[in-house]
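Right, one structure below, let's go through it.
Letters A, B, ... are given to chains in the order of the sequence lines, protein chains preceding strands, and every chain is numbered from 1. This structure is a prediction, so every number in the text was calculated from the model and none was measured.
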Amino acid sequence: MYALVDCNNFYVSCERAFQPALHQRPVVVLSNNDGCVISRSAEAKALGIRMGAPLFQIRPLVEQHQVKVLSSNYALYGDMSRRVMHYLASVAPELEVYSIDEAFLSLHGLARHFGPLEAYAQRCRAQVQQRTHIPTCVGIAPTKTLAKLANRLAKQDPALGGVLVLDSPARRQWALAQVPVAEVWGIGRQHAARLHAQGLASAADLAAASEGWVRRHLGGVVGVRLLRELRGYPCHRLAPSEDGTLARQSIAHTRSFGRPLTELADLRGAVAAFTARAAEKLRAQGSLAHGLTVFLSQNRFGPAPPPHTRTASLTLPTATSNTLALASHAQLLLHRLWQPGLRYTKAGVLLAGIEPAGPPQLGLFEASPAAVSRPQAAALMQRLDQLNGRFGPGTIRLAAALPPPGRPVPWEGLRQHRTPARTTSWDELWEIG
DNA sequence: TCTGGGGTCCTAGGACCC
DNA sequence: TCTGGGGTCCTAGGACCC
């Protein structure tokens with residue numbers, strides 16, 4: 001059996017943990033650049049505020065109902081997430097951190113030691129609540145897809161008390177009939193439209209569909225696995241996370257700007273800063289990257305005709321995690337992309353072709369001076385990460401990523417509703433007085 | 001005026017090889 | 001007009017997730 005533990009309205013719940021006055025009030029948390037709603041309290045949901053709604057569209061509602069609007073504070077959410085995951089890891093034989101606010105637990109053999117799974121799940125919820133003030137719901141079922149579905153029902157129906165266990169064919173069939181097919185894990189907009197056109201409306205309808213039809217119309221093997229999971233045959237194992245982190249196969253740092261940028265100098269700064277952040281993440285997971293992509297975007301809702309995004313990529317001669325090497329290549333790519341007179345609203349740096357760093361190796365044909373100096377470069381990066389880790393991000397920066405003196409950072413996004421980083425910044429610690 | 005930022009997996013098709 | 005057959009590797013793009 002698998003359990004899915006999902007934090008309710010996670011970002012809003014994190015904010016409420018430090019601002020009890022936010023309870024019982026409609027609250028929303030915004031994406032970067034204060035663009036869209038990415039977390040809503042139940043009260044905000046009840047007002048009809050949609051997930052992903054742009055802030056400017058919901059202004060009237062916000063003012064009319066005095067909705068509390070907050071910029072996102074990822075330092076806080078990341079830290080709260082670690083606390084939740086740390087506890088969950090202590091009560092299950094295996095844990096997969098699926099996202100910042102969700103984890104799959106393997107419950108194999110647990111009922112023998114801990115008694116009924118329902119009671120076990122309730123104890124988990126109570127402990128997470130007590131330790132972090134984060135409310136959760138738990139779904140338990142023989143497959144991950146069914147655990148997701150059980151979790152959704154547990155969240156939706158207060159009568160279930162936050163836990164639903166699907167441990168018999170009858171319960172599973174009942175649950176499948178409750179859930180619209182569009183809400184099944186792995187069914188997005190395209191697939192949902194296709195299913196509706198076939199007259200399949202519920203998860204139960206999909207579970208009863210023929211494997212051949214699903215293979216043809218629902219993404220081949222992906223659809224078949226989904227179908228089998230709905231029928232109770234596991235196709236997705238747990239991907240256990242040692243320390244709550246996974247080695248990523250691609251790493252990106254992309255941001256919208258607070259205002260459109262036209263000057264090459266500003267974009268050079270943005271790309272340098274974004275490359276440095278991406279390289280930091282790369283080193284943090286102990287990897288090297290072979291592939292580098294830079295993109296520039298114009299406002300996709302604006303008057304400029306598509307394409308709104310142009311990308312440029314290259315493959316590096318040797319995989320690296322060196323900020324200086326990556327940044328100089330990124331600048332070359334930027335020069336290929338930038339055109340005068342265009343108003344850029346967003347840029348990004350993506351690293352791909354990722355491999356483990358391992359011991360430094362010399363390629364057969366590259367015992368060159370550059371190769372010899374590589375250990376020194378690695379030591380430099382290590383010092384840089386140590387200093388930025390100790391004294392705060394951006395303490396040591398690329399000269400190219402410094403903002404023009406006396407001016408605000410041109411590429412920085414808006415954060416007009418920020419709350420303090422209570423758990424990760426000395427300056428912003430909770431004061432009790 | 002103002003519309004996020006990360007990821008995953010799979011498939012098709014082209015380049016290239018013998 | 002006819003113009004092999006079978007591999008592998010890589011990339012772009014689609015669909016999905018939170």
Side-chain angles (χ1 to χ4, degrees), chain A residues 4 6-11 28-40 50-60 62 69 71-72 74 77-78 81 96-104 144-145 148 151-152 182-195 215-226 235-236 239 241 245-260 274 277-278 281-282 285 290-291 293 295 297-303 307-309 311-315 343 345-354 413-417:
Chain A
L4 177 68
D6 190 331
C7 301
N8 306 348
N9 318 323
F10 182 58
Y11 299 161
V28 298
V29 173
L30 302 176
S31 61
N32 265 304
N33 212 23
D34 290 344
C36 302
V37 172
I38 54 170
S39 182
R40 311 160 291 164
R50 291 185 347 270
M51 191 69 167
L55 176 60
F56 74 90
Q57 281 179 6
I58 60 163
R59 280 275 192 218
V62 166
V69 174
S71 298
S72 42
Y74 286 100
Y77 311 149
S81 174
E96 173 186 343
V97 176
Y98 178 66
S99 72
I100 194 164
D101 65 347
E102 281 171 84
F104 284 104
K144 290 169 96 176
T145 306
K148 270 287 225 193
N151 184 284
R152 164 170 287 282
E183 291 175 21
V184 170
W185 192 38
I187 299 297
R189 268 233 291 281
Q190 310 293 322
H191 289 349
R194 207 159 249 186
L195 287 159
R215 184 185 296 277
R216 273 192 304 283
H217 296 109
L218 247 43
V221 299
V222 180
V224 172
R225 287 203 281 254
L226 168 52
C235 299
H236 301 295
S241 345
T245 60
L246 276 175
R248 300 293 180 190
Q249 299 169 35
S250 65
I251 287 175
H253 189 81
T254 73
R255 283 290 180 276
S256 296
F257 310 133
R259 59 178 175 83
F274 295 180
R277 279 293 301 132
K281 293 187 219 172
L282 183 66
Q285 72 165 44
H290 246 113
T293 298
F295 73 79
S297 298
Q298 296 175 270
N299 182 4
R300 66 197 156 109
F301 302 97
H308 301 111
T309 299
T311 72
S313 306
L314 60 78
T315 301
R343 291 159 56 83
T345 55
K346 180 177 178 178
V349 173
L350 294 80
L351 304 175
I354 287 177
L414 303 176
R415 289 183 81 190
Q416 292 175 346
H417 312 275

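Of the side-chain N and O atoms in Arg225(A), one or more sit less than 4.0 angstrom from OP1 or OP2 of dC10(B). OP1 or OP2 of dC9(B) sits under 4.0 Å from a side-chain N or O of Gln249(A). For dG14(C), the OP1/OP2 oxygens have no side-chain nitrogen or oxygen of Arg189(A) closer than 4.0 Å. For the OP1/OP2 pair of dG4(B) and a distance below 4.0 Å, the side-chain nitrogens and oxygens of Ser72(A) include no atom meeting the criterion. For Ser256(A), a side-chain nitrogen or oxygen approaches OP1 or OP2 of dG5(B) to under 4.0 Å. One finds no side-chain N or O of His191(A) lying less than 4.0 angstrom from the OP1 or OP2 phosphate oxygen of dA15(C). Contact annotation: Arg255(A) reaches the phosphate of dG6(B) (side-chain N/O to OP1 or OP2, under 4.0 Å). In terms of phosphate contacts, Lys148(A) brings no side-chain nitrogen or oxygen within less than 4.0 Å of OP1 or OP2 of dC17(C). Side-chain N/O atoms of Ser250(A) include one lying less than 4.0 angstrom from OP1 or OP2 on dT8(B).
Distance CD (Gln57(A)) to C1' (dT1(B)): 14 Å, rounded to an integer number of Å. Atoms CG (Leu30(A)) and C1' (dG5(B)) sit 14 Å apart, rounded to a whole Å. Taking atom CH2 on Trp185(A) and atom P on dT8(B), their separation rounds to 14 Å, with Å as the unit. Atom C1' of nucleotide dT1(B) and atom CZ of Phe257(A) are separated by 18 Å, given to the nearest angstrom. In this structure, Arg216(A) atom CZ and dT11(B) atom P are separated by 15 Å, rounded to whole Å. Leu314(A) places its CG atom 16 Å from the C1' atom of dC10(C), with the value rounded to the nearest Å. With rounding to whole Å, Gln298(A) atom CD is found 14 Å from dT3(B) atom P. Taking atom CD1 of residue Ile38(A) and atom C1' of nucleotide dC18(C), one finds them 10 Å apart after rounding to whole Å.
The shortest side-chain heavy-atom distance between Lys346(A) and Thr254(A) falls under the 4.5 Å cut-off. Val37(A) places none of its side-chain heavy atoms less than 4.5 Å from the side chain of Arg50(A). Asn299(A) places none of its side-chain heavy atoms less than 4.5 Å from the side chain of His308(A). The side-chain heavy atoms of Asn32(A) and Arg255(A), taken from C-beta on, include a pair separated by under 4.5 Å. With a 4.5 Å cut-off on side-chain heavy atoms, Ile354(A) and Leu282(A) count as touching.
Nucleic acid contact class of Val37(A) (heavy atoms, under 4.0 Å, all strands): none. Among the atoms of the strands shown, only primed sugar atoms or phosphate atoms (P, OP1, OP2) are found under 4.0 Å from some heavy atom of Gly188(A). In this structure, Ile187(A) reaches the sugar-phosphate backbone alone: every heavy-atom distance under 4.0 Å involves primed, P, OP1 or OP2 atoms, never a base. Nucleic acid contact class of Asn32(A) (heavy atoms, under 4.0 Å, all strands): sugar-phosphate only. If you check every strand for non-hydrogen atoms under 4.0 Å, Arg59(A) touches nothing. Residue Asp34(A) is classed as having no contact, given no heavy-atom separation below 4.0 Å to the nucleic acid.
Of the candidate nucleotides dG7(B), dG4(B), dG6(B), dG7(B) has the atom nearest to the side chain of Arg248(A). Counting only heavy atoms from C-beta on, Phe56(A) has its side chain closest to dC2(B) among dG7(B), dC2(B), dA15(C). The Val222(A) side chain lies nearest to dC10(B) when the options are dG4(B), dC10(B), dG5(B). Considering only the side chain of His253(A), dG6(B) comes nearest among dG4(B), dC16(C), dG6(B). Among the nucleotides dC18(C), dC10(B), dC2(B), the one closest to any side-chain atom of Val221(A) is dC10(B).
Each of Lys281(A) and Gly219(A) was assigned the nucleotide of DNA chain B with the nearest heavy atom; the assignment lying further toward the 5' end belongs to Lys281(A).
Between Phe104(A) and Trp185(A), the angle of the ring planes lies from 30° to 60°, which puts this pair in the tilted group.
A donor-acceptor pair shorter than 3.5 Å can be found between the side chains of Asp34(A) and Ser71(A).
In this structure, Phe301(A) packs face-to-face on the six-membered ring of dT3(B), meeting both the 5.5 Å centre cutoff and the 30° plane limit.
Spacing between dT3(B) and dC18(C) at atom P, rounded to whole Å, works out to 25 Å.
Checking dC18(B) for Watson-Crick or G-U wobble geometry (two distances, each under 3.5 Å) identifies dG5(C) as its partner.
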